[in-house]
Amino acid sequence: MSEMRFSMKSCLLGIAIAAMSYPAFADGLTVVSWGGALQDAQTKAFFDPFAKEKGITISQDTWSGELAKLKAMVDSGNVAWDVVDVDPQTGAAACDQGLLEKIGRDPTIKSAGLVDGAVTNCAVGTSVYATVLAFQKDAFAQAPTKLTDIFDTAKFPGKRALRKSPVDNLELALLADGVAPADVYKTLSTAEGVDRAFKKLDTIKSDVVWWDAGAQPAQLLKSGEVKMSLAWNGRIADANSKENANLGIAWTNQIRGFDMWVIPTGSKNLQAAKEFVAFTVKPEVNATLSKYISYGPTAAAASALVSKEVLPNLPSAPENSEGALAQDGAFWGKNSDALNARFSTWVAQ
């Protein structure tokens, strides 16, 4: 009898240990992205297939990169988000502040075969996007051909729109002032380089309309409020295909970045969140996003799975890559506070 009791205790102990070692898979996840065309595409390519495969519910939320909101959640211990889409600079800043799980070190991510720059300590890139120059096709006798044309008010007069952020604008200002792409961040790392960028921005400030949300450039262009705008390429392609916007895109000098998944520290569904991130970079899954929005895959093996009709519309297409600049998330993670403060002051002046 004592042997039976010991056996039953051992069995129960084994079950308890197993339960602690292998937590039950989450019933649901909350995934946060940027809304609009991108989130619609992510829903079709990532959210719905993962939810179906795992038998869970994915709840969605949107944000505009407000790091203070994420920090408040983590600091309070009341983390409502499980996976969040960030740009490289927000991911770097949040990682430095200890707000994110270090998912880039996971074996499934390290072995995923992602392109250079798509994995950092805390973030995993799932798509490649570009900041491009969008314009009204009938606004000018000769169409702009490069992003730096936004600084040419003589050849291209009228209002132009920029995102209300130093990111991309400071880099583009230096490109327009003659700095080579390879030297942009080295120049911007000096006080003289920052002064030079703001001085170049001064030349068009009176003609600028500011935007905050990704859908706004297409709206501003369609309404006629501006004639050209910096914009995310997928938003313009979406407006052209779904709204017959008939907007032109200039690719030369594109500033290329990644949409990256991060997991907030304190996520209540950590294991499911990690599995979701890993799911989205499987080549056969990663390639499907390009069907729904003109953003490129980050899994190197996924490029061969993207249709030939879609490839010319992606930032990574060779014909779109002349003078391209890769956004440096580490630079912005280190310098964002100071440059955001200066930019806000400059805009208000």
Side-chain angles (χ1 to χ4, degrees), residues 65 67 85-97 99-100 104 114-133 146-151 162-205 208 210 230-233 250-260 262 295-296 298 315-316 318 320-347:
L67 196 54
D85 189 338
V86 300
D87 51 34
Q89 64 273 13
T90 303
C95 190
D96 288 346
Q97 294 179 37
L99 304 179
L100 305 175
L114 304 188
V115 299
D116 289 346
V119 181
T120 67
N121 279 343
C122 297
V124 177
T126 52
S127 63
V128 182
Y129 69 89
T131 295
V132 297
L133 179 63
K146 54 189 182 297
L147 272 70
T148 52
D149 283 339
I150 204 167
F151 285 91
L162 301 176
R163 185 185 178 197
K164 192 182 287 187
S165 168
V167 180
D168 293 347
N169 290 325
L170 296 184
E171 292 98 323
L172 186 58
L174 291 179
L175 289 173
D177 207 43
V179 177
D183 295 328
V184 164
Y185 287 106
K186 181 173 65 176
T187 304
L188 206 52
S189 296
T190 67
E192 295 79 9
V194 173
D195 289 343
R196 182 177 175 182
F198 276 101
K199 185 176 180 180
K200 188 65 176 178
L201 285 170
D202 280 335
T203 65
I204 61 170
K205 186 178 180 182
V208 170
W210 300 106
L230 295 190
W232 297 321
N233 72 288
W251 288 95
T252 300
N253 304 131
Q254 62 159 290
I255 301 176
R256 192 176 293 170
F258 295 103
D259 277 295
M260 311 187 84
V262 298
Y295 291 167
T298 55
S316 50
N320 296 334
S321 298
E322 183 180 350
L325 174 68
Q327 194 180 85
D328 189 335
F331 169 86
W332 283 109
K334 179 179 179 182
N335 297 286
S336 60
D337 287 347
L339 291 178
N340 272 303
R342 178 163 178 181
F343 185 81
S344 296
T345 300
W346 175 81
V347 169

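Numbers here are sequence positions counted from 1.
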Where [X] and [Y] come nearest, the two heavy atoms and their spacing:
{"X": "Gly329", "Y": "Ala92", "value": "O-CB, 3.3 Å"}
{"X": "Gly125", "Y": "Thr298", "value": "O-OG1, 2.7 Å"}
{"X": "Gly296", "Y": "Pro315", "value": "N-CD, 4.1 Å"}

Using side-chain hydrogen bond (donor to acceptor under 3.5 Å, both in side chains) as the criterion, list what pairs up with [X], not counting sequence neighbours.
{"X": "Asn253", "answer": "Thr148"}
{"X": "Thr126", "answer": "none"}
{"X": "Lys200", "answer": "none"}
{"X": "Asp202", "answer": "Trp346"}

Could you tell me which residues satisfy side chain to side chain contact (heavy atoms under 4.5 Å, CB included) with [X], sequence neighbours excluded, listed by chain and number?
{"X": "Asn335", "answer": "Phe331, Leu339"}
{"X": "Ala330", "answer": "Asp328"}
{"X": "Lys164", "answer": "Trp210, Asp212, Phe343"}
{"X": "Ala94", "answer": "Leu67, Leu70, Leu99, Leu100"}

### Query
Between Thr131 and Val167, does a side-chain contact (heavy atoms from CB on, under 4.5 Å) hold up when you go through it step by step?
CA-CA 10 Å; Thr131 295; Val167 180; over 6 Å; no
Taking side chain as C-beta onward, heavy atoms only, is [X] less than 4.5 Å from [Y]?
{"X": "Val128", "Y": "Tyr295", "answer": "no"}
{"X": "Thr120", "Y": "Cys95", "answer": "no"}
{"X": "Tyr129", "Y": "Asp87", "answer": "yes"}
{"X": "Leu147", "Y": "Leu175", "answer": "no"}
{"X": "Gln327", "Y": "Pro88", "answer": "yes"}
{"X": "Ser321", "Y": "Arg256", "answer": "yes"}
{"X": "Arg163", "Y": "Leu230", "answer": "no"}
{"X": "Asn340", "Y": "Pro166", "answer": "yes"}

### Task
I would like to know whether Trp332 and Thr90 meet side-chain contact (heavy atoms from CB on, under 4.5 Å); could you show each step before the answer?
CA-CA 8 Å; Trp332 283 109; Thr90 303; over 6 Å; no
### Message
Run the salt bridge (Lys or Arg N to Asp or Glu O under 4.0 Å) test against Asp168 and tell me which residues pass, sequence neighbours left out.
### Response
none
### Message
Among residues at least two apart in sequence or on other chains, which ones pass salt bridge (Lys or Arg N to Asp or Glu O under 4.0 Å) with Arg196?
### Response
Asp177
### Stepwise side-chain contact (heavy atoms from CB on, under 4.5 Å) check, Val132 with Trp232
CA-CA 6 Å; Val132 297; Trp232 297 321; over 6 Å; no
### Query
Nearest 0.5 Å, what's the OG-CD distance between Ser316 and Gln254?
8.5 Å
### Query
Between Phe258 and Val124, does a side-chain contact (heavy atoms from CB on, under 4.5 Å) hold up when you go through it step by step?
CA-CA 9 Å; Phe258 295 103; Val124 177; over 6 Å; no
Output side-chain donor-acceptor pairs under 3.5 Å for residues 188-195, partner residues at least two apart or in another chain, one line each.
{"unit_1": "Ser189", "atom_1": "OG", "unit_2": "Tyr185", "atom_2": "O", "d": "2.6"}
{"unit_1": "Thr190", "atom_1": "OG1", "unit_2": "Thr187", "atom_2": "O", "d": "2.8"}
{"unit_1": "Thr190", "atom_1": "OG1", "unit_2": "Gly193", "atom_2": "N", "d": "2.9"}
{"unit_1": "Asp195", "atom_1": "OD1", "unit_2": "Arg342", "atom_2": "NH1", "d": "2.9"}
{"unit_1": "Asp195", "atom_1": "OD1", "unit_2": "Arg342", "atom_2": "NH2", "d": "2.9"}

### Query
Would you say Lys205 has more than 12 foreign heavy atoms packed within less than 6.0 Å of its NZ?
yes
